[in-house]
Every structure is written in structure tokens, then in C-alpha cells.
**Q** 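Have a look at this one before I ask anything.
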Amino acid sequence: METIQSILASRLAAAAGDTGGIAVTVQSAQDTRFGDYQSNIAMQLAKPRRANPRQLAMEIIAKLQVDDLCETPEIAGAGFINFRLKPAAVIAHFTALAADDHLGVPSVPQRRIVIDFSSPNVAKPMHVGHIRSTVLGDALARIARFLGHDVITDNHIGDWGTQFGMLLVAWKTILNKDALDRDPIGELERIYKAQNELCKTDPRQLDAARGELVKLQDGNEENDAIWKEMRRLSQVQFDEIYSRLGIHFDRTYGESFYRYMLRDVVNELYHSGTARESDGALCVFSDDSLPERDDPFLIKDENGWKPAPAIVRKADGASNYTTTDLATLKLRVGFLPRTTDKPCTTDEFFRPDEIIYVTDGRQQLHFRQLFAIWRRWQPESTAKLSHVWFGSIMGEDGKPFKTRSGDTVKLGELLDEAEERAFTTVTEKSPEMPEAERREVARIVGIGAVKYADLLPNRQSDYVFSWDKMLSFQGNTAPYLQYSYVRIRSIFRKGGIDPASVRPAAGAEHSTANNAATLAEPGELSLAKKLAQFGEVVPMILDDHRPNLLCNYLYELAGAFHSFFESCPVLKAVESARSTRLLLCDTTARVLAKGLDLLGIGVPERM
RNA sequence: GUCCCCGUAGUUCAACGGAUAGAACGCUGGUUUCCUAAACCGGUGAUGUGGGUUCGAUUCCCGCCGGGGACACCA
């Protein structure tokens with residue numbers, strides 16, 4: 001269904017006439033005293049038309065047909081056009097929304113999107129550094145799917161590279177089998193660190209590592225078996241974490257999947273002239289097509305601009321991650337199979353319109369170079385390439401988030417602590433609840449709190465990790481939103497009412513006359529208006545890949561609900577008002593649950 | 001050094017170039033014979049600095065100050 005915002009925008013566009021390419025936009029008003037929606041179009045058009053903005057606004061309003069939706073639009077300030085919705089229009093929209101499976105979120109033209117996120121490394125524990133990519137990528141995938149896009153999520157795990165030389169040497173010499181059985185990842189981490197130390201002092205150890213790496217790459221059976229075992233053990237860990245987080249990947253190809261493509265990629269880059277040799281390495285240099293300061297292959301020092309090439313084949317002949325990323329890109333753009341369980345024909349390849357990489361901001365230069373190389377190498381490719389980057393998680397001391405002893409925080413342990421802290425609170429607040437249920441509630445609340453804390457800040461901001469803040473029931477947190485949902489569920493339990501029974505039948509927007517609803521109370525009206533904005537907020541998120549917009553919306557919705565609930569009795573209300581209020585409650589609960597679900601966060605029925 | 005990001009209330013975070021910069025915590029005043037007070041309703045208090053573009057700048061451009069990050073064979 002269409003949003004009120006888009007209806008107003010198209011009516012306004014019709015009244016404004018030729019805007020010379022200026023988009024006619026309507027936004028929800030920041031302050032209710034300006035009405036519900038506002039547009040700046042008169043001010044934007046005033047200059048090119050050499051008109052007085054307020055005069056122009058008056059002319060636009062004179063042609064504008066919106067009396068089915070709002071009161072006569074008002075002109076304010078320098079030329080703002082303000083819209084105030086008629087209660088009848090709010091009721092009609094709210095009723096249609098309540099009958100809509102998509103809760104008023106419009107369908108958009110379908111695009112095919114690959115989302116590459118999480119990307120943990122084999123033989124290493126997942127740690128706090130993986131949270132943002134994992135949580136953000138999953139939320140974007142869920143939101144894109146809800147909007148109707150065709151999405152493939154791909155976990156590009158680090159399962160290939162020079163570190164396996166050292167791991168293989170260590171596996172053969174210092175591995176403790178018992179320790180490996182007890183704690184596989186811990187033992188792999190231990191032997192890697194130990195071997196790394198040995199290599200620092202003993203050049204023969206480095207040679208040994210190189211030797212084992214070459215054998216692995218040449219297909220040596222023993223090394224291949226060890227590598228596969230390390231991969232398997234790591235995947236067990238990944239699966240456990242992803243299961244706790246409720247995250248699913250359509251693909252987990254990993255870097256090793258592309259290793260047979262690397263030679264061809266390098267050859268193509270060389271023969272197409274994209275890359276050339278320098279100091280024994282094969283490099284991509286600037287092609288001077290961009291202004292110097294925008295060129296990802298240039299860097300300036302005191303003597304002027306100098307080359308900052310991207311290396312696609314090291315002097316020793318090995319490839320690096322740029323090469324792997326190019327191979328990955330080539331497969332994803334042209335030959336990514338739609339399904340993994342059967343061979344597919346040409347028209348079953350995925351061929352994405354967009355590929356989204358979710359990584360931290362430190363990789364910006366890498367992706368700028370990667371995308372630039374791709375454009376030069378494959379100029380006919382039209383796929384949109386997006387690097388969705390994010391800031392760091394800091395400790396309360398303002399430095400990168402670490403344990404007290406200065407180690408990286410392991411993701412599994414972090415989730416344990418979140419659940420444990422949530423369990424303590426739930427036990428405190430609801431001691432009568434059976435322990436099994438308290439555990440389950442603590443799981444939903446604890447995991448939700450961690451995810452929400454991560455999604456709430458603008459993704460490009462660094463943020464401070466605070467257990468107390470994220471698990472608080474006050475303020476913009478997951479527990480507060482979950483509590484809002486629970487409180488609504490409690491109303492229906494108390495009244496012995498099936499929520500489905502208060503919902504209008506599908507298509508109810510055509511028969512609003514049958515609905516005796518009135519939204520006489522200010523709390524009712526503002527809640528209904530806030531519900532109508534769900535469909536306006538969700539599509540905006542993908543424009544800049546910013547799920548925090550949804551967090552802020554849900555928080556405002558919960559606030560609107562609590563205000564309504566404070567001033568409007570539900571179960572004790574007289575009929576007509578009672579059923580309208582029950583529907584407001586139910587719809588709020590559905591939007592809260594759906595909104596949280598889009599962020600990858602669950603809701604308990606009680607807490 | 002060059003490039004990227006950041007600098008907003010005591011603190012932690014918001015704000016498609018729009019109106020009187022919005023929350024939470026903190027501090028502070030109030031609300032419960034009533035559907036979960038894990039709540040609600042008030043008060044307090046901020047755009048680092050100097051220019052520029054614009055009808056309008058936290059937002060865009062330039063300088064300065066302060067913080068973080070990236071910059072040839074790690075990913």
C-alpha cells in the first residue's frame with residue numbers, strides 16, 4: 001500500500017508543474033505545531049523561477065488536491081507548506097495498515113543484492129570486532145528481503161592465506177590433541193601465537209612455514225587434510241555463534257573457493273593492461289582518469305603526488321586479498337549460482353544489481369581501489385558496488401574495547417555475559433517465572449540488547465560499549481522496546497482476547513464506513529499517525545544502509561504507545577473506543593515485533 | 001606528510017541543506033485503590049574555532065585547533 005507521504009508528494013508534484021529536475025519531497029514534520037507533514041518545494045523553486053517563495057507556495061496550494069487527506073495546507077515561515085491530516089484520513093490509513101501483511105511498507109522495484117558480511121577467520125575465535133559487520137549485514141539483509149528484494153548473503157570467511165603455513169608447522173610439531181578436543185579454537189589460537197613467536201626469533205621456522213604453505217597450495221594430501229580439519233573445527237564455532245545470533249548465510253564460500261581463479265584473474269589484469277609489473281610485483285597504478293585527490297592510486301608527499309599502487313600479485317608470485325576480492329567479484333557479478341544444491345543453467349545465475357560489503361572503516365582505501373580496478377577491468381559491468389563501513393567499538397575508557405587484561409573480547413563470552421546479566425535482571429523483576437522461561441527471556445533480551453546497541457548509533461560513528469546502558473529498561477534500548485511489546489501482549493492475556501480477532505479483514509481500506517472507529521483522544525491520533533510512518537521509514541534505510549533510522553522510529557513508536565496507554569484505558573473503555581484501542585495496541589505490537597525482527601531481534605511474550 | 005572519519009548538554013548518542021538542534025543517563029519536581037511503575041508527565045543543559053556559499057548551514061566549501069584511522073607485497 002502507498003504511504004501518506006508518497007501520496008502527498010505526488011499530489012504536490014502535480015500541482016507544482018515543471019520543477020526543472022528538482023525532486024518534490026514531503027517529509028514528516030519535526031514538530032507537531034507545524035502539522036504532520038511539510039514540504040520545502042516552494043522555497044526550492046523560488047530561485048529558478050525568480051518568484052517569491054510564499055507567493056509560489058500560495059499558487060501551488062491553489063492547484064493542490066488534498067482535501068481528502070488533510071485540512072487546507074498552511075504556509076509558514078519562509079515558504080514551508082504544512083499539512084495537517086484529517087482524523088478520518090488517519091483512521092482510513094490506519095485501518096488499511098492493520099489489515100496489511102506488510103504493515104504499510106510499500107513494495108519497491110525488486111533488485112538482486114549480494115550482501116557480504118561477518119567474514120571471520122579460520123583457526124581464530126570470533127571476537128568483538130565481528131559484531132558490527134555481522135549484526136549490520138544481517139539487518140540489511142532482513143530489511144532488503146522485507147522490501148521485496150532478491151538477496152543472497154555470503155560469508156566470505158578467511159580460510160586461505162599465509163597464516164596457514166605457520167598453522168601447519170605448528171599443527172605438526174606443537175599441537176596438543178587433548179587440548180584440541182576440549183577447546184579446538186583455543187588450541188588453534190594457542191599454537192598459532194606460539195608459532196608466530198618462534199618465527200620471530202628463528203628464520204628456519206619461517207622457511208618451514210613457507211614450505212608447508214607451498215605444499216598446501218600444491219595440493220599435498222596431508223596438508224590439505226589438516227587444513228580441512230581446521231576449517232571444519234572453525235565452522236562448528238561459527239555455526240554455534242550464528243545460531244545464538246539467529247543469523248543465516250546463503251553461502252559460505254570463503255576465500256579458498258576462489259583460489260583456482262587467481263591465476264586467470266592475474267593474467268587478465270596483465271593482458272588487459274589494467275596491471276603492470278613494478279619491483280617484481282604486479283600492480284595497478286593510476287590511469288589519471290580522476291582528479292589527483294580523488295584517485296585511490298595516488299598519495300601526496302612533500303615532493304608532490306606519488307603512486308600508491310594496489311598489488312595484485314606479490315613479487316614472490318603469491319596473490320593477496322585484492323586478487324581474491326577481484327576473483328570473488330568476477331564470480332558474483334557473472335556466475336553466482338542461484339542455488340547451491342544443483343547444477344544450474346545460464347539463466348539461473350544470480351547476476352546482482354548491487355553488491356554490499358559490510359566492513360570496518362579502515363578498509364575504505366582497499367575498497368576504493370578494488371572498485372576502481374573492477375571498473376577498469378570490466379567496464380561493461382553495471383553492478384552497483386557499495387562499501388558499507390562502520391566505526392569502532394570503544395571501551396568506557398575511550399580506547400578500543402578490550403578485556404581488563406587487554407585481550408580482545410571473544411564473541412561467545414560476550415554473548416554469555418549479556419545473557420547472564422539479563423538473567424539476573426529478569427530474576428529480580430519476575431522471580432515467580434519458572435527458571436526455564438527466565439533463561440529463554442534472558443536469551444532474547446540479552447542478545448537483543450547487544451544487537452540493538454550496535455545498530456542504534458549511526459554506523460559510521462565509533463561507539464562506547466556499555467553493559468548498563470544497553471541492558472537498561474530506560475532509554476532507547478532493546479529491553480525497553482521488548483517491554484513495550486510485552487505490555488501489549490499482557491493486555492490481551494488479561495482480557496482473554498485473541499489479537500487476531502480485533503484485526504480488520506484484508507481489503508478493509510475499502511470499507512472504512514463499516515468501521516466505527518474514531519480517534520478522539522490525542523494519544524490515539526498521534527499513535528495512529530506514528531504507525532503510518534513505519535512504511536515511510538523502512539524503505540529509507542536501504543538508501544544509505546542505515547538501520548539506526550529504524551531504531552529511532554521504533555523508539556518513537558514505543559513512546560507514542562506509552563503516552564497513549566497512560567491516558568487511554570483499553571480493557572475498561574466503553575465499546576467502540578475499546579475495539580479501536582485494542583486494534584491500536586495490536587498493530588503497535590505487530591509493528592514493534594516486525595521492526596525488531598528486521599533488526600534481527602526477537603521479542604518474549606512475558607518478561 | 002597526504003587522504004578518510006570524527007569534534008553537538010556534565011556523560012552516551014541523534015538530526016534527507018529547513019522552522020525554536022532531538023533523546024537517554026545524570027541532577028531535579030510530580031504521577032500508582034487502575035490493563036507489568038521494567039512506565040508516564042515536567043525542569044535543567046550543547047553544535048571546537050575563523051571565514052565562505054545559500055532565502056536558510058550541525059550538515060556543503062576553505063583555513064586553524066584537537067582526537068582516531070589508512071597509506072607497496074598482512075587482511
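Naming convention: chains lettered A, B, ... in sequence-line order (proteins, then strands); numbering from 1 in each chain.
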**Q** For R421(A) and A38(B), what is the distance between atoms CZ and C1' respectively, to the nearest whole Å?
**A**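 About 17 Å, once rounded to whole Å.
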**Q** What residues, two or more places apart in sequence or in another chain, satisfy side-chain hydrogen bond (donor to acceptor under 3.5 Å, both in side chains) together with E575(A)?
**A** S579(A)
**Q** Rounding to a whole Å, what distance do you find between Y463(A):OH and U11(B):C1'?
**A** 17 Å
**Q** Just jot down the side-chain contact (heavy atoms from CB on, under 4.5 Å) partners of E556(A), sequence neighbours excluded, or say none.
**A**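 Result, side-chain contact (heavy atoms from CB on, under 4.5 Å) vs E556(A): K530(A).
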**Q** I'd like to know if S484(A) reaches the base of A39(B) with its side chain, counting only an N/O donor and acceptor under 3.5 Å.
**A**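 When only heavy-atom distances are counted, S484(A) does not reach the base of A39(B) through any donor-acceptor pair under 3.5 Å.
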**Q** With a 4.0 Å cut-off on heavy atoms, is P53(A) in touch with a base, just the backbone sugar-phosphate, or nothing at all?
**A** nothing
**Q** Within the structure, does a side-chain N or O atom of N458(A) lie under 4.0 Å from either OP1 or OP2 of A15(B)?
**A**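 Affirmative; the distance criterion is met.
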**Q** Of the nucleotides U20(B), G18(B), A38(B), which one has an atom closest to the side chain of N40(A)?
**A** G18(B)
**Q** Go nucleotide by nucleotide along RNA chain B from the 5' end; which of N548(A) and V570(A) gets its closest nucleotide reached first?
**A**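 So the residue in question is N548(A).
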**Q** Which nucleotides of nucleotides 65-72 of chain B have their base under 4.0 Å from a protein heavy atom (B), which only their sugar-phosphate (S), and which neither (-), written as one string 5' to 3'?
**A** ----SSBB
**Q** Would you check if the side chain of S256(A) reaches a backbone N or O of W160(A) as a donor-acceptor pair within less than 3.5 Å?
**A**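 A pair under 3.5 Å: no.
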**Q** By the 4.0 Å heavy-atom rule, please label V464(A) as base, sugar-phosphate, or nothing.
**A** sugar-phosphate
**Q** Does any residue of residues 466-482 of chain A have a heavy atom under 4.0 Å from RNA chain B, and if so, which ones, in number order?
**A**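 K469(A), F473(A), Q474(A), G475(A), Y480(A), in order of number.
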**Q** Roughly how many Å is it from NE2 in H562(A) to P in C35(B), rounded to a whole number?
**A** 15 Å
**Q** Which part of the nucleic acid does C585(A) contact within heavy-atom distance under 4.0 Å: base, sugar-phosphate only, or nothing?
**A**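 Contact class for C585(A): none.
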**Q** Near E74(A) CD, under 6.0 Å, is it more than 12 heavy atoms from other residues, nucleotides or ligands?
**A** no
**Q** Of the nucleotides A39(B), A19(B), C4(B), which one has an atom closest to the side chain of F34(A)?
**A** A19(B)
**Q** Tell me which pairs pass salt bridge (Lys or Arg N to Asp or Glu O under 4.0 Å) where either residue lies in residues 40-54 of chain A, with sequence neighbours left out.
**A**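 Sorted pair list comes back empty.
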**Q** Would you kindly compare L456(A) and R606(A) by the position of their nearest RNA chain B nucleotide and give the one closer to the 5′ end?
**A** L456(A)
**Q** In chain order, what residues pass the side-chain contact (heavy atoms from CB on, under 4.5 Å) check against I311(A), with sequence neighbours excluded?
**A**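 By the side-chain contact (heavy atoms from CB on, under 4.5 Å) rule, I311(A) matches A281(A), C283(A), K314(A), N320(A).
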**Q** Assign E255(A) to base, sugar-phosphate, or nothing according to its heavy-atom contacts below 4.0 angstrom with the strands shown.
**A**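 The residue E255(A) makes sugar-phosphate contact but no base contact.
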**Q** Among residues 320-327 of chain A, which residues get a heavy atom nearer than 4.0 Å to RNA chain B?
**A**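 N320(A), Y321(A), in order of number.
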**Q** Counting neighbours of CZ on R493(A) that are heavy atoms of other residues, nucleotides or ligands and sit closer than 6.0 Å, is the number greater than 12?
**A** yes
**Q** Only counting residues at least two apart or in another chain, list the ones meeting side-chain hydrogen bond (donor to acceptor under 3.5 Å, both in side chains) with Q5(A).
**A** none
**Q** Base, sugar-phosphate or nothing for A318(A)? Non-hydrogen atoms, less than 4.0 Å.
**A** nothing
**Q** When we call it a touch if two heavy atoms are under 4.0 Å apart, what does M607(A) touch: a base, just sugar-phosphate, or nothing?
**A**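 Touches a base.
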**Q** With rounding to whole Å, what would you report as the distance between A19(B) and A57(B) at their P atoms?
**A** 10 Å
**Q** Take atom C1' in G43(B) and the same atom in G7(B), then report the distance between them in whole Å.
**A**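 So the two C1' atoms sit 29 Å from each other.
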**Q** Taking the same atom, C1', in G45(B) and in A37(B), what whole-Å distance lies between them?
**A** 27 Å
**Q** Do we see a donor-acceptor contact under 3.5 Å between the side chains of T427(A) and T424(A)?
**A** no
**Q** Pull out every residue in residues 43-51 of chain A that has a heavy atom closer than 4.0 Å to any atom of RNA chain B, ordered by number, or say none.
**A**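 The answer is M43(A), Q44(A), K47(A).
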**Q** So, OP1 or OP2 of C41(B): does either fall under 4.0 Å of a side-chain N or O from S563(A)?
**A**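 True: S563(A) side-chain N/O within range (under 4.0 Å) of C41(B) OP1/OP2.
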**Q** Looking across every strand, which nucleic acid part, if any, lies under 4.0 Å from R546(A) by heavy atom: base, sugar-phosphate, or nothing?
**A**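 Sugar-phosphate: the residue R546(A), judged by heavy atoms under 4.0 Å, touches backbone atoms but no base.
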**Q** Quick one: does any side-chain atom of R459(A) pair with a main-chain N or O of H545(A) as donor and acceptor, under 3.5 Å?
**A**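 Confirmed, R459(A) side chain pairs with H545(A) backbone.
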**Q** Please check if the number of heavy atoms outside M58(A) that lie under 6.0 Å from its CE is greater than 12.
**A** no
**Q** Using only side-chain N and O atoms of Y483(A), determine if any of them is under 4.0 Å from OP1 or OP2 of A37(B).
**A** yes
**Q** For R606(A), does the CZ atom sit with more than 12 other heavy atoms under 6.0 Å from it, leaving out its own atoms?
**A**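 It does not: R606(A) CZ has 12 such atoms or fewer within range.
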**Q** Under 3.5 Å, side chain of R578(A) to main-chain N/O of L571(A), donor-acceptor pair present?
**A** yes
**Q** For H562(A) and G559(A), indicate whether the former's side chain and the latter's backbone hold a donor-acceptor pair under 3.5 Å.
**A**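 Such a contact is absent between H562(A) side chain and G559(A) backbone.
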**Q** What is the distance, to the nearest angstrom, from the CD atom on E566(A) to the P atom on A39(B)?
**A** 11 Å
**Q** Under a 3.5 Å cut-off on both pairing distances, which runs of 3 or more consecutive Watson-Crick or G-U pairs involve RNA chain B?
**A** B:1-7 with B:65-71, B:10-13 with B:22-25, B:26-31 with B:39-44, B:48-52 with B:60-64
**Q** If you measure from the P atom in U47(B) to the same atom in A21(B), how many Å do you get, rounded?
**A**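 Taking atom P in both U47(B) and A21(B), they lie 11 Å apart.
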**Q** Expressed as a whole number of Å, how far does the C1' atom of U2(B) sit from that of A72(B)?
**A** 16 Å
**Q** What distance do N82(A) atom CG and F34(A) atom CZ have between them, rounded to the nearest 0.5 Å?
**A**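 Taking CG in N82(A) and CZ in F34(A), the distance rounds to 7.0 Å.
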**Q** Roughly how many Å is it from OH in Y485(A) to C1' in A38(B), rounded to a whole number?
**A** 17 Å
**Q** Provide, to the nearest angstrom, the distance between the CG atom belonging to D159(A) and the P atom belonging to A75(B).
**A**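 Taking CG of D159(A) and P of A75(B), I get 13 Å after rounding.
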**Q** For nucleotides G50(B) and C65(B), find the distance between their P atoms and express it as a whole number of Å.
**A** 15 Å
**Q** Measure from CD on E556(A) to P on G22(B) and round the result to the nearest Å.
**A** 13 Å
**Q** Any sub-3.5 Å donor-acceptor pair from S234(A)'s side-chain atoms to A123(A)'s backbone N or O?
**A** yes
**Q** Please list, chain by chain and in numerical order, all residues satisfying salt bridge (Lys or Arg N to Asp or Glu O under 4.0 Å) with R438(A), sequence neighbours excluded.
**A**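 Once residues adjacent in sequence are excluded, R438(A) has no partner under the salt bridge (Lys or Arg N to Asp or Glu O under 4.0 Å) criterion.
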**Q** Apply side-chain contact (heavy atoms from CB on, under 4.5 Å) to Y270(A) and list each qualifying residue two or more places apart in sequence or on a separate chain.
**A**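 Y270(A) satisfies side-chain contact (heavy atoms from CB on, under 4.5 Å) with L282(A) only.
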**Q** Round to a whole Å and report the spacing from CZ of F117(A) to P of A75(B).
**A**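 One finds 23 Å between P of A75(B) and CZ of F117(A), rounded.
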**Q** When you compare U53(B) with C60(B), how far apart are their C1' atoms, in angstrom units rounded to a whole number?
**A**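 Taking atom C1' in both U53(B) and C60(B), they lie 8 Å apart.
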**Q** With C1' as the reference atom in both, quote the distance from U58(B) to U49(B) in angstrom, rounded to an integer.
**A** 14 Å
**Q** Measuring centre to centre across the rings, with the benzene-like ring taken for any Trp, is Y452(A) within less than 6.0 Å of Y480(A)?
**A** no
**Q** Do the side-chain N or O atoms of S461(A) get closer than 4.0 angstrom to the phosphate oxygens (OP1, OP2) of C6(B)?
**A** no
**Q** Can you check whether Q30(A) has a side-chain N or O nearer than 4.0 Å to OP1 or OP2 of G18(B)?
**A** no
